[in-house]
Amino acid sequence: EDPIVAERKKLNISENRLNKLLPPSSDTNTTRLKIGEEYSFFDKMGPLVVNKDGTIGRLDNWHEMTPAEKNNTIRLLQRRNRIRLAALRNQTDHLDEYEKKRVKDLQTYDPDNPMGDAVE
């Protein structure tokens with residue numbers, strides 16, 4: 001038996017009751033899913049972006065990109081995210097020389113002096 005159906009039976013939630021609990025949205029941009037249906041949030045929302053401070057975000061314009069732009073963006077974000085995570089964790093053994101240099105740059109970055117000017 002399908003695990004979702006089994007869980008609904010265990011909780012005694014019928015399809016009719018479930019629809020009453022969750023009224024349809026009036027938002028025209030919503031995606032309706034049926035219970036048990038597969039859906040890829042990655043295709044809709046795009047990749048995660050690791051920020052310098054460790055917070056995570058998404059790209060606002062992902063849905064406007066062409067397939068070629070999406071592929072390039074994924075390729076660049078994978079490397080940048082790996083560099084930023086390594087800098088945050090202070091673990092660089094698995095990185096190549098370019099990436100290790102970028103980690104060092106991130107670790108010595110001063111937001112109050114973004115150009116790295118000598119301060120006297």
Side-chain angles (χ1 to χ4, degrees):
E1 181 176 35
D2 181 358
I4 294 172
V5 172
E7 186 66 21
R8 278 192 15 226
K9 283 181 182 176
K10 188 168 82 173
L11 296 172
N12 195 22
I13 299 175
S14 69
E15 191 77 32
N16 230 4
R17 183 170 171 229
L18 187 63
N19 287 337
K20 288 178 186 175
L21 291 173
L22 305 171
S25 172
S26 60
D27 184 359
T28 57
N29 291 328
T30 59
T31 301
R32 294 184 63 107
L33 299 175
K34 293 185 179 187
I35 295 177
E37 182 179 21
E38 289 186 25
Y39 182 77
S40 171
F41 286 100
F42 180 81
D43 292 340
K44 192 77 169 168
M45 299 174 67
L48 291 173
V49 177
V50 177
N51 298 312
K52 289 179 185 178
D53 63 357
T55 58
I56 296 176
R58 295 213 180 256
L59 302 173
D60 292 334
N61 65 335
W62 178 255
H63 64 284
E64 298 168 359
M65 291 184 183
T66 66
E69 289 172 324
K70 287 180 179 181
N71 286 334
N72 284 333
T73 301
I74 290 169
R75 182 178 53 80
L76 294 170
L77 277 177
Q78 284 174 333
R79 188 170 205 178
R80 189 174 76 184
N81 286 348
R82 189 169 70 224
I83 290 168
R84 287 181 175 175
L85 287 171
L88 291 164
R89 294 178 182 145
N90 205 19
Q91 298 174 346
T92 59
D93 295 341
H94 64 288
L95 302 179
D96 64 29
E97 291 308 312
Y98 169 80
E99 292 170 335
K100 286 179 183 178
K101 181 184 179 323
R102 294 291 301 131
V103 166
K104 186 176 179 187
D105 292 344
L106 281 172
Q107 290 172 334
T108 59
Y109 176 75
D110 179 4
D112 295 327
N113 186 11
M115 300 304 288
D117 299 326
V119 179
E120 295 181 20

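- We find the NZ-CD1 distance between Lys52 and Ile83 to be 11.5 Å, quoted to the nearest 0.5 Å.
- The two residues Ile74 and Pro47 make their nearest non-hydrogen contact at CG1-CG, 4.4 Å.
- Within the structure, the salt bridge (charged side-chain N to carboxylate O under 4.0 Å, His left out) test picks out the following pairs touching residues 72-93 (sequence neighbours left out): Arg79-Asp96, Arg79-Glu99, Arg82-Glu99.
- Nearest heavy-atom pair across Val50 and Asn81 is N-OD1, 2.9 Å.
- The shortest heavy-atom contact between Gly57 and Asn51 is N-ND2, 4.1 Å.
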Can you list the steps and then say if Lys70 with Trp62 is a side-chain contact (heavy atoms from CB on, under 4.5 Å)?
-> CA-CA 7 Å; Lys70 287 180 179 181; Trp62 178 255; 3.5 Å; yes
Where do Thr66 and Glu69 land on the side-chain contact (heavy atoms from CB on, under 4.5 Å) test, with the steps shown first?
-> CA-CA 5 Å; Thr66 66; Glu69 289 172 324; 3.3 Å; yes
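- Leu48 belongs to a hydrophobic cluster whose other members, connected by ILVMFWY side-chain contacts under 4.5 Å either directly or through intermediates, are Ile56.
- If you take CE on Met65 and CG on Asn61, they are separated by 4.0 Å, rounding to the nearest 0.5 Å.
- The two residues Leu88 and Gly54 make their nearest non-hydrogen contact at CD1-CA, 3.4 Å.
- Residues Leu77 and Leu59 meet the side-chain proximity criterion, which asks for heavy atoms closer than 4.5 Å.
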